[in-house]
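Just so we're on the same page: letters track the sequence lines, and every chain starts at 1. Every heavy atom of this structure was used, including side-chain atoms; hydrogens, water molecules and symmetry mates were not.
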Amino acid sequence: MQHKNRFFEQLVSAYANDLYRYAYWLCKQPTLAEDLVQETFARAWKSIESLKDEKAAKAWLITILRRENARLYEKYQPQLLEIEESLVADDYHNEPSNKLEKEQLHHMILKLPDEYKEPLILQVMWGFSGDEIAKELDLKLATVNTRLFRARQQLKQLFNDENTVLNLMMEQEGAKK
Amino acid sequence: MNEMTFRTKLLTHPQILDAEMIKYLEDYPEQKSLVQGARAFDQTISDVLDVEVPEGLHARILLNQSYQQNLETSSENVEQVDKNVMGVDNVTVLEPSVSSDDKTGWMDNALFGSWKMGLAASVMGVAILLGVWQNTQQLTPLSGEATIDHIIAHIEHDPSLMTAVKLPNSEQELQQLFANVGAQLSKPVEGMSYAGMCDVEGQQGLHIVMQEQGQPVTIIVMPGQQVEAMHAFQKSGYQGEIMPVKGGVVAIVANTMEQVALAQIRFFKAVKFA
């Protein structure tokens with residue numbers, strides 16, 4: 001039992017933060033994201049004996065979390081954070097440009113369809129290879145590659161469009177002064 | 001490889017340059033800026049994905065797990081009691097003529113004949129079941145906010161207990177304290193600096209202080225009370241949890257949620273409610 005407890009604590013310490021982040025990007029709500037992580041670990045605790053290979057823990061936990069999210073999604077359809085978007089728009093001239101760019105990107109990632117977002121998160125945040133993403137998401141490697149490409153392409157495109165608009169607005173502000 | 005393929009591969013895996021891509025860069029060194037740009041953009045994506053994690057998340061997960069574990073242990077104990085009771089009854093029914101020479105029973109067969117043993121076992125079984133039934137019947141539902149206020153007032157009533165080192169003189173006395181609230185101590189509670197009986201809402205409870213991360217954590221065990229589920233609270237600068245245990249309620253109050261979680265793990269590792 002002590003070994004089981006220690007192992008569980010190690011799992012929490014190693015993966016809870018990134019699981020929370022994964023959940024956040026999937027469900028788009030901090031409170032819901034924490035609930036998802038709690039539920040993931042609750043289920044992990046119940047079936048921790050079934051985890052034979054410790055190296056597989058990462059993928060195992062993500063699989064549990066994704067299932068929980070799917071279950072949750074059947075019940076609720078979380079709304080996008082419209083309020084935060086408006087806040088970003090209002091505050092653009094008060095924020096350092098770098099921070100503002102990141103906030104814009106934040107909202108763009110939130111808007112990205114899950115089919116593009118998930119492979120991107122698994123690659124960038126979790127360090128999964130193309131094959132590992134394909135296995136986790138039950139896709140062909142070619143599909144994963146296409147989605148990774150499109151995810152970045154869309155973000156770049158949106159990001160550049162947003163920045164063009166932003167630059168125009170800032171120029172207009174400067175002209176007024 | 002042409003530029004289109006190079007760009008596609010770069011956007012798919014910005015951190016990986018395969019042999020073909022390296023060859024392409026050797027042929028077109030001016031395209032190295034594309035790699036730098038793609039990697040810088042990826043770093044920005046990575047920074048953005050790295051959202052802030054709520055404070056105390058780990059502690060809350062461990063707290064939940066500890067609670068879950070405690071529930072599992074409690075239900076196992078209940079199952080064990082049920083099995084024991086069933087076992088005794090089976091002996092009574094199926095083997096009414098246990099040899100009077102058998103001295104391995106919990107009472108001397110010279111005093112209790114086999115039929116008396118059977119009868120005693122049955123009575124004991126009924127008594128245990130009745131006890132369990134009465135326990136569940138006599139639990140008083142707690143009124144959330146009022147109880148939290150009362151617990152905090154109780155803790156603040158005698159702040160000297162937070163720093164006092166005052167424990168019963170013997171293990172027997174300590175066991176008796178826990179037995180008073182229907183609990184059993186299987187090993188010393190790590191970091192416990194105070195243990196004594198107290199009065200909570202007109203009922204006798206067990207008041208424990210543990211030192212966690214150099215800060216006092218108070219645990220109050222209230223037998224005969226009931227809450228439907230574990231819930232966390234934050235009031236008057238304190239953080240805490242109230243949770244149901246068999247036959248009562250346990251409240252843990254500390255300065256941070258992490259201290260609550262750690263204290264709970266230590267407490268339930270040592271204390272069993274049966």
Quiz item: Is B:Gln172 atom CD crowded by more than 12 heavy atoms from other residues, nucleotides or ligands, each under 6.0 Å away?
Solution: no

Self-check item: Top contributor to chain A interface from B:Asp42, B:Ile265, B:Thr44 [non-hydrogen pairs under 4.5 Å]
Solution: B:Asp42

Quiz prompt | side-chain contact (heavy atoms from CB on, under 4.5 Å) partner of B:Val48, the single match among A:Glu103, A:Lys102, A:Met108 | solution = A:Lys102

Practice problem: Mind checking the CH2-CG spacing from A:Trp126 to B:Leu49? Nearest 0.5 Å is all I need. | Solution: 12.5 Å

Quiz item: Is a side-chain donor or acceptor of B:Gln15 paired with a backbone partner of A:Val124 at a separation under 3.5 angstrom?
Solution: no

Exercise. Step through the shown structure and confirm whether more than 12 heavy atoms of other residues, nucleotides or ligands are within 6.0 Å of CZ on A:Arg67.
Key: no

Practice problem: Working to the nearest 0.5 Å, report the span between OG of B:Ser46 and CD1 of A:Ile121. | Solution: 11.5 Å

Quiz item: Tell me, do B:Phe41 and A:Leu155 make a side-chain contact under 4.5 Å, heavy atoms counted?
Solution: yes

Quiz prompt | Contact class of A:Glu9 relative to chain B, heavy atoms under 4.5 angstrom | solution = both

Quiz item: If you round to the nearest 0.5 Å, how far is OH of A:Tyr20 from NE2 of B:His58?
Solution: 12.0 Å

Self-check item: Separation between CG of A:Asn17 and CD of B:Glu52, rounded to the nearest 0.5 Å
Solution: 10.5 Å

Quiz prompt | Test side-chain contact (heavy atoms from CB on, under 4.5 Å) applied to A:Phe8 and B:Leu62, step by step | solution = CA-CA 9 Å; A:Phe8 184 81; B:Leu62 293 176; 4.0 Å; yes

Exercise. Tell me, yes or no, whether the heavy-atom count around B:Glu258 atom CD, taken from other residues, nucleotides or ligands under 6.0 Å, exceeds 12.
Key: no

Self-check item: Enclosure of A:Arg66 CZ (heavy-atom neighbours >12, cutoff 6.0 Å)
Solution: yes

Quiz item: Quick check: does any side chain N or O of A:Arg152 sit under 3.5 Å from a backbone N or O of B:Thr12, one acting as donor and the other as acceptor?
Solution: yes

Quiz item: Under the side-chain contact (heavy atoms from CB on, under 4.5 Å) criterion, do A:Lys156 and B:Leu11 qualify, and how do the steps go?
Solution: CA-CA 10 Å; A:Lys156 264 190 162 237; B:Leu11 269 191; 4.1 Å; yes

Quiz item: In terms of heavy-atom proximity below 4.5 Å to chain A, should B:Gln43 be classed as side chain, backbone, both, or neither?
Solution: neither

Quiz item: Is it the case that more than 12 heavy atoms not belonging to B:Asp27 sit under 6.0 Å from its CG atom?
Solution: yes

Exercise. Taking all heavy atoms of B:Ile61 and all of A:Ala16, pick out the closest pair and write down the distance.
Key: CD1-CB, 3.8 Å

Quiz item: Under 6.0 Å from the NZ atom of B:Lys23, do we count more than 12 heavy atoms belonging to anything else shown?
Solution: no

Practice problem: Inspect the surroundings of CD in A:Gln153 and state if more than 12 heavy atoms from other residues, nucleotides or ligands are less than 6.0 Å away. | Solution: yes

Practice problem: May I have the step-by-step check of side-chain contact (heavy atoms from CB on, under 4.5 Å) for B:His13 and A:Asn145, ending in yes or no? | Solution: CA-CA 8 Å; B:His13 299 283; A:Asn145 285 339; 2.9 Å; yes

Exercise. Decide side-chain contact (heavy atoms from CB on, under 4.5 Å) for A:Arg21 and B:Val53; before the verdict, give the C-alpha distance in whole Å, the side-chain angles of both, and the deciding distance to 0.1 Å.
Key: CA-CA 7 Å; A:Arg21 292 183 180 115; B:Val53 174; 3.6 Å; yes

Exercise. Answer with side chain, backbone, both or neither: which region of A:Ile109 has an atom nearer than 4.5 Å to a non-hydrogen atom of chain B?
Key: side chain

Quiz item: Nearest 0.5 Å, what's the CG-CG distance between A:Asp18 and B:Asp50?
Solution: 7.0 Å

